> 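First the structure, then my questions, so here it is.
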Amino acid sequence: MPAHESITRRHRLDRVLQPFRRRRGLIVAPNLPSADRDRIAKEVEQLLAQPETTAQRVAAARLVAAYRGLDADGHGHFLDLLASRFGTDPAAIDRAAASLQRASTPTARARAERDLRQAVVPRYAALLHVITGLADGVGFLVDLRADVLARAHDDATLGSLEDELTGHLATLFDVGLLDLRQITWDSPASVLDRLMETEAVHEIHGWEDLRHRLAGDQRCYGFFHPALPNEPIVFVEVALTHGLADNLPHLLEREDAVDDADTAIFYSITSAQPGLAGVHLGNELIKQVVDELRRTDDDLKHFATLSPLPGYRSWLRSEVKANALLSTELEAFGPELDAIVDGDDSWVLDPALAERLRPGVLSTAARYLMTTRDGRARDSVANFHLSNGASLERLNWLANPAHYGIEQSLGVMVNYLYDRSKIAANAGSYLTEGSIKTSNHVKNLVKTPKR
């Protein structure tokens with residue numbers, strides 16, 4: 001576990017346990033051997049049987065403290081214990097299903113449906129609800145889901161526990177319960193520290209870099225939850241420009257303010273809580289930030305992104321292996337093709353060679369972005385923005401010449417355009433038909449052979 005996550009979790013634990021410091025703790029071995037698992041199971045049984053709320057919370061705090069003291073193996077045993085011993089009762093489900101099949105009147109059917117709904121709710125759901133009421137119980141559940149997600153792909157028994165946590169957290173983190181805040185240099189230090197720790201698209205290189213991203217024509221907005229007041233849930237970084245941005249280093253390193261800014265460029269969006277992966281909030285964040293920027297700055301007329309193509313280079317490698325490139329693309333890449341797809345980035349330092357490769361790179365990148373699989377764009381970032389109603393507006397050559405930019409997408413970046421008047425129509429056609437709204441600029445990059 002990274003050091004910053006360990007510190008964050010320890011702080012959360014301190015807040016959870018504060019009201020119960022004088023209570024006796026539940027002492028278990030870090031790897032939670034079999035005998036200690038039985039003790040944990042007994043604690044959970046007693047909690048579920050306890051009708052008094054305060055007593056339940058005291059017991060829940062003891063379980064939280066015990067979990068925090070476990071090592072990786074202990075976490076796995078604890079989660080398996082919850083999933084296997086405190087899930088649903090198969091016999092109760094069978095009885096309820098049989099009653100539903102036998103129901104012959106509307107009243108009997110309604111009663112049977114209610115019994116079946118109760119039967120399919122796992123017992124650990126009640127424990128999760130009690131933990132929610134602790135001082136920092138919501139934060140603990142976010143961390144708990146992160147642990148489940150890290151193990152669920154290897155352990156099918158955790159699937160239902162993951163589903164229950166996902167549904168519970170989706171309700172707790174409904175967008176109507178979140179606050180949109182602008183994050184500035186004057187925000188609490190814990191918020192700024194979290195930004196530096198979790199920025200997942202373009203790494204923040206120290207405090208001075210962070211200060212620069214929050215000053216002048218740079219903006220940062222995040223969603224916050226009342227239970228986690230100083231921890232952004234998801235945040236987006238924005239730069240005000242004149243026209244579409246086509247160069248990431250210029251965007252991040254510029255010093256002078258833009259006097260005639262008419263465009264807001266969203267260049268990074270990050271989910272800061274691993275335990276909320278899949279609880280989709282980024283799309284709503286962008287929409288609310290657009291509305292906020294329109295409200296505060298009348299000169300802003302255009303809203304777009306400068307986005308990476310994280311899957312492009314691996315897709316290009318597979319296309320080469322499948323002999324699926326167009327003849328014009330093969331000609332543009334020339335003899336350097338195999339070396340490029342295998343990781344040779346020396347061409348970036350040769351301007352003449354880079355310029356010769358340019359038509360092949362942009363043509364394949366455009367095809368990659370316009371190609372769908374099962375009705376959705378292949379690229380995860382493209383799918384996110386297209387699902388939100390953006391259109392594919394422009395590809396930018398060597399917009400990110402940093403090592404990670406070349407490694408992911410040969411330096412190419414994309415402008416997705418958010419036109420408020422077309423967002424609903426674009427999203428509808430994409431989600432129902434797999435139709436990608438694409439500008440002529442992007443379409444014309446594909447160099448098809450002449451007949």
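From a predicted model like this one, the values you see are computed outputs, not experimental measurements.
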> How would you list all residue pairs meeting ring-ring contact (aromatic ring centres under 6.0 Å, His included) that involve residues 192-219, not counting sequence neighbours?
His202-Tyr404
> Assess whether side chain to side chain donor-acceptor pair (under 3.5 Å) is satisfied between Ser439 and Arg394, documenting all intermediate values.
CA-CA 7 Å; Ser439 70; Arg394 192 172 76 180; over 6 Å; no
> Suppose we screen for salt bridge (Lys or Arg N to Asp or Glu O under 4.0 Å). Which residues come up paired with Glu199, at least two apart in sequence or across chains?
Arg213
> Taking it one step at a time, do Gln408 and Tyr312 satisfy side-chain contact (heavy atoms from CB on, under 4.5 Å)?
CA-CA 7 Å; Gln408 284 185 341; Tyr312 162 61; over 6 Å; no
> Closer than 3.5 angstrom, by distance alone: can the side chain of Ser363 be matched with the main-chain N or O of Gly360 as a donor-acceptor pair?
no
> Kindly indicate whether the side chain of Thr364, heavy atoms from C-beta on, has any atom under 4.5 Å from the side chain of Arg367.
yes
> Does the Arg376 side chain pair with the main chain of Leu431, one donor and one acceptor, at a distance under 3.5 Å?
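Here the side-chain-to-backbone pair exists.
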> Among all residues two or more places apart in sequence or in another chain, which pass the side chain to side chain donor-acceptor pair (under 3.5 Å) test with Asp217?
none
> For Leu309 versus Met413, what's the shortest heavy-atom pair and its separation?
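So the minimum-distance heavy-atom pair works out to CD1-CA, 3.8 Å.
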> Between NE2 of His302 and NE2 of His242, what distance do you get to the nearest 0.5 Å?
8.5 Å
> Please give me the minimum heavy-atom distance between Ile406 and Arg313, naming the atom from each residue.
O-NH1, 3.0 Å
> Tell me, please, which residues at least two apart from Asn247 pass side chain to side chain contact (heavy atoms under 4.5 Å, CB included).
Pro249, His250
> To the nearest 0.5 Å, how far apart are CG in Leu293 and CZ in Phe303?
6.0 Å
> Please name the pair of heavy atoms, one in His168 and one in Leu128, separated by the smallest distance, quoted to 0.1 Å.
NE2-O, 3.9 Å
> Please round to the nearest 0.5 Å and tell me the distance separating atom CD of Glu329 and atom OG1 of Thr448.
9.5 Å
> Give a yes or no on whether the backbone of Leu244 and the side-chain of Thr263 come within a donor-acceptor separation of less than 3.5 Å.
no
> For a 4.5 angstrom cut-off between non-hydrogen side-chain atoms, does Leu144 reach Leu79?
yes
> Using atom types as modelled and distance alone, determine if a side-chain donor or acceptor of Tyr124 lies under 3.5 Å from a backbone N or O of Leu161.
yes
> May I have all residue pairs that pass side-chain hydrogen bond (donor to acceptor under 3.5 Å, both in side chains) and include part of residues 181-192, sequence neighbours excluded?
none
> Hey, does Leu26 have a side-chain heavy atom less than 4.5 Å from the side chain of Tyr67?
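Contact flag for Tyr67/Leu26 side chains = no.
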> For Arg356, give me all partners under side chain to side chain donor-acceptor pair (under 3.5 Å), at least two apart in sequence or on another chain.
Glu336
> Could you pull out all residues at least two apart from Arg117 that satisfy salt bridge (Lys or Arg N to Asp or Glu O under 4.0 Å)?
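Arg117: no salt bridge (Lys or Arg N to Asp or Glu O under 4.0 Å) contacts found.
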> Distance from Leu195 atom CG to Ile183 atom CD1, nearest 0.5 Å?
4.5 Å
> Over all heavy atoms of both residues, which pair between Thr241 and Leu251 is shortest? Give the atoms and the distance, please.
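Result for this residue pair: CG2-CD1, 3.6 Å.
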> Any donor and acceptor pair, going by atom type alone, linking the side chain of His385 with main-chain N or O of Ala390 inside 3.5 Å?
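Answer holds: no.
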> Is there a side-chain contact (heavy atoms from CB on, under 4.5 Å) between Val201 and Tyr267? Walk through the geometry before answering.
CA-CA 9 Å; Val201 184; Tyr267 64 87; over 6 Å; no
> For Asn383, which residues count as a side chain to side chain donor-acceptor pair (under 3.5 Å) partner, sequence neighbours excluded?
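Asn383 satisfies side chain to side chain donor-acceptor pair (under 3.5 Å) with Tyr430 once adjacent residues are dropped.
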> Suppose we screen for ring-ring contact (aromatic ring centres under 6.0 Å, His included). Which residues come up paired with His441, at least two apart in sequence or across chains?
none
> For the backbone of Ala277 and the side chain of Ser271, can you confirm whether one donor and one acceptor N or O come within less than 3.5 Å of each other?
no
> Check whether any side-chain heavy atom of Arg151 lies under 4.5 Å from a side-chain heavy atom of Glu162, and answer yes or no.
no
> So, using side chain to side chain contact (heavy atoms under 4.5 Å, CB included) as the criterion, who are the partners of Ala382 when residues are at least two apart?
Leu369, Ala377, Asp379, Leu386, Tyr416
> Indicate yes or no for a side-chain donor-acceptor contact from Asn415 to the backbone of Ala245 under 3.5 Å, with no hydrogens or angles considered.
yes
> Given 3.5 Å as the limit, does a donor-acceptor pair link the side chain of Gln56 with the main chain of Leu47, or not?
yes
> List for me each residue that meets side chain to side chain donor-acceptor pair (under 3.5 Å) alongside Ser421, sequence neighbours excluded, and say none if there are none.
Asp419
> Say you draw a straight line from CG of Leu353 to CD1 of Ile340; how long is it, rounded to the nearest 0.5 Å?
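Interatomic distance, Leu353 CG to Ile340 CD1, rounded to 0.5 Å: 6.5 Å.
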> Got a donor-acceptor contact below 3.5 angstrom from the Arg123 side chain to the Phe86 backbone?
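No: the side chain of Arg123 does not pair with the backbone of Phe86.
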> What distance separates Asp262 CG from Asp298 CG, expressed to the nearest 0.5 Å?
13.5 Å
> Provide the closest heavy-atom pair for Leu169 versus Gly275 in the form atom of the first, atom of the second, distance.
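Heavy atoms only, the tightest pair is CD1-O, 4.0 Å.
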> Spell out, as yes or no, whether a donor-acceptor pair under 3.5 Å connects the side chain of Asn444 to the backbone of Asn440.
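Looks like yes, one N/O pair under 3.5 Å.
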> List for me each residue that meets salt bridge (Lys or Arg N to Asp or Glu O under 4.0 Å) alongside Glu355, sequence neighbours excluded, and say none if there are none.
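For Glu355 the salt bridge (Lys or Arg N to Asp or Glu O under 4.0 Å) partners, ignoring immediate neighbours, are Arg358.
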> Please name the pair of heavy atoms, one in Phe224 and one in Pro229, separated by the smallest distance, quoted to 0.1 Å.
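Closest heavy-atom pair between Phe224 and Pro229: CD2-O, 3.4 Å.
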